[in-house]
2 protein chains.
Amino acid sequence: MLLKIENVGQYLRDAGIKPSIQRLKIFEILAKSYEHPTVENIYTQLSPEIPTLSKTTVYNTLKLFQKHGLVMVINIEDNETRYDADTSFHGHFKCNVCGKVSDFNIPNTQPLIESLKGSLITESHYYLKGICAKCRLRTDN
Amino acid sequence: MLLKIENVGQYLRDAGIKPSIQRLKIFEILAKSYEHPTVENIYTQLSPEIPTLSKTTVYNTLKLFQKHGLVMVINIEDNETRYDADTSFHGHFKCNVCGKVSDFNIPNTQPLIESLKGSLITESHYYLKGICAKCRLRTDN
DNA sequence: TTTCAGATTTGTAATGATTGCAAATTTATA
DNA sequence: TATAAATTTGCAATCATTACAAATCTGAAA
Ligand SMILES: [Mn+2]
Ligand SMILES: [Mn+2]
Ligand SMILES: [Zn+2]
Ligand SMILES: [Zn+2]
């Protein structure tokens, strides 16, 4: 989901991160779009604007954001790591035709799993895959 | 979960796969344990028994099993791909301390997601991460 | 049994994403 | 301005996976 953050610099500072130009721009891409971009996506989008940008910086910055709880990693596909600035619990659906990864709300609160009593849960991910409505209309599925 | 398959050879043949020694052994490791092994795990376990085994064969075989719907891929961690011969819908919990990936049942049936009406869902994964009860007792968490 | 084609396995090289690391650059402080 | 600390950068190294062609195996036909 689109995050409504009025001041990205302050948002980073509040999380204990000094907002450099690179960090600001990278975070903005994550927060101001629905796309769950990969490192490659982020790098390609920012390259024209910051021609000196290094892909290593994108990796480093995302690690930093992770450590401070500002982004979560989406492993819905094994050959692409995506990132999300919305760390609230929500599901992800990947269409195998157009490749888009979209959000969906999970209606009722998370069920308590009997067999996990006593464990500490720090992360939860709900992934669905298939073919989105739009692609189903355009193809024969 | 432990799959109860009386005749693995027949099980493979029914799925349209000729049961070679390698395929049999690889599938048995998947079906007769709870461990959700990686390629590396499978290769290491079988190497003594099949000294000529190639890691490529493990990769090829798992791809083949996937194509025939006999295994599912578990992407709970971005640096390790795990495999599961139990393709029924169930959740996976990874303990960040001992590293084990265990199964859990999902009580109520999958909720119908309003926003995904019209899409075709072919795969669902529910992943939890944290610290298992055993590890919490041994540590201070 | 021998022969031969097709299926399967193997070893090695190539690929591609991610990380390690040291130098270069930028920023903050005195 | 001078200096130290933080950040970014470029490139090499690592590691999982895939591509590919040669080697081996299997099963049917002769
Ligand atoms: Mn999301
Ligand atoms: Mn499982
Ligand atoms: Zn689609
Ligand atoms: Zn544990």
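Just so you know, these numbers use all the heavy atoms, side chains as well, and skip hydrogens, waters and symmetry mates.
The interatomic distance linking Asn60(A) (CG) with dG10(D) (P) rounds to 13 Å, in whole Å. For the pair Arg23(A) CZ and dT26(C) P, the interatomic distance rounds to 15 Å; values are reported in whole Å. In this entry the distance linking CG of Asp78(A) with C1' of dC15(D) reads 15 Å, nearest Å. As a whole-Å value, the separation of Ile26(B) CD1 from dT10(C) C1' is 13 Å. Rounded to whole Å, atom P of dT18(D) lies 14 Å from atom CD of Glu80(A). Atom C1' of nucleotide dT18(D) and atom CD of Gln66(B) are separated by 14 Å, given to the nearest angstrom. In this structure, CG of Leu53(B) is placed 15 Å from P of dT12(C), rounded to the nearest angstrom. We find that CZ of Phe65(B) is positioned 13 Å from C1' of dT8(C), with the value rounded to whole Å.
Between Tyr127(A) and His92(A), the two ring planes are tilted [angle within 30° to 60°].
The side chain of Lys63(A) places an N or O atom within less than 4.0 Å of a non-bridging phosphate oxygen (OP1 or OP2) of dT19(C). A sub-4.0 Å separation between OP1 or OP2 of dG11(C) and a side-chain N or O of Thr56(B) is absent. Residue Tyr59(A) places none of its side-chain N or O atoms closer than 4.0 Å to OP1 or OP2 of dT19(C). OP1 or OP2 of dT9(D) sits under 4.0 Å from a side-chain N or O of Gln22(A). At the phosphate of dT18(C), OP1 or OP2 sits under 4.0 Å from a side-chain N or O atom of Thr81(A).
With respect to Lys55(B) and Glu40(B), a salt bridge is recorded, a charged nitrogen being found less than 4.0 Å from a carboxylate O. Contact check on Glu35(A) versus Lys100(A) returns no salt bridge, with no Lys/Arg side-chain nitrogen under 4.0 Å from an Asp/Glu carboxylate oxygen.
Nearer the 5' end of DNA chain C, as judged by each residue's closest nucleotide, is the contact made by Ser20(B), out of Ser20(B) and Asn79(A).
No more than 12 heavy-atom neighbours from other residues, nucleotides or ligands sit within 6.0 angstrom of NZ on Lys25(A).
Of the residues Ile26(B), Thr61(B), Leu53(B), the one that meets the side chain to side chain contact (heavy atoms under 4.5 Å, CB included) test with Ile42(B) is Ile26(B).
When distances run from any side-chain atom of Ile21(B) to the nucleotides dT26(D), dG10(D), dT10(C), the shortest one goes to dT26(D).
Residue Lys18(B) is in sugar-phosphate contact alone, with no base atom involved, counting any heavy-atom pair closer than 4.0 Å across all strands shown.
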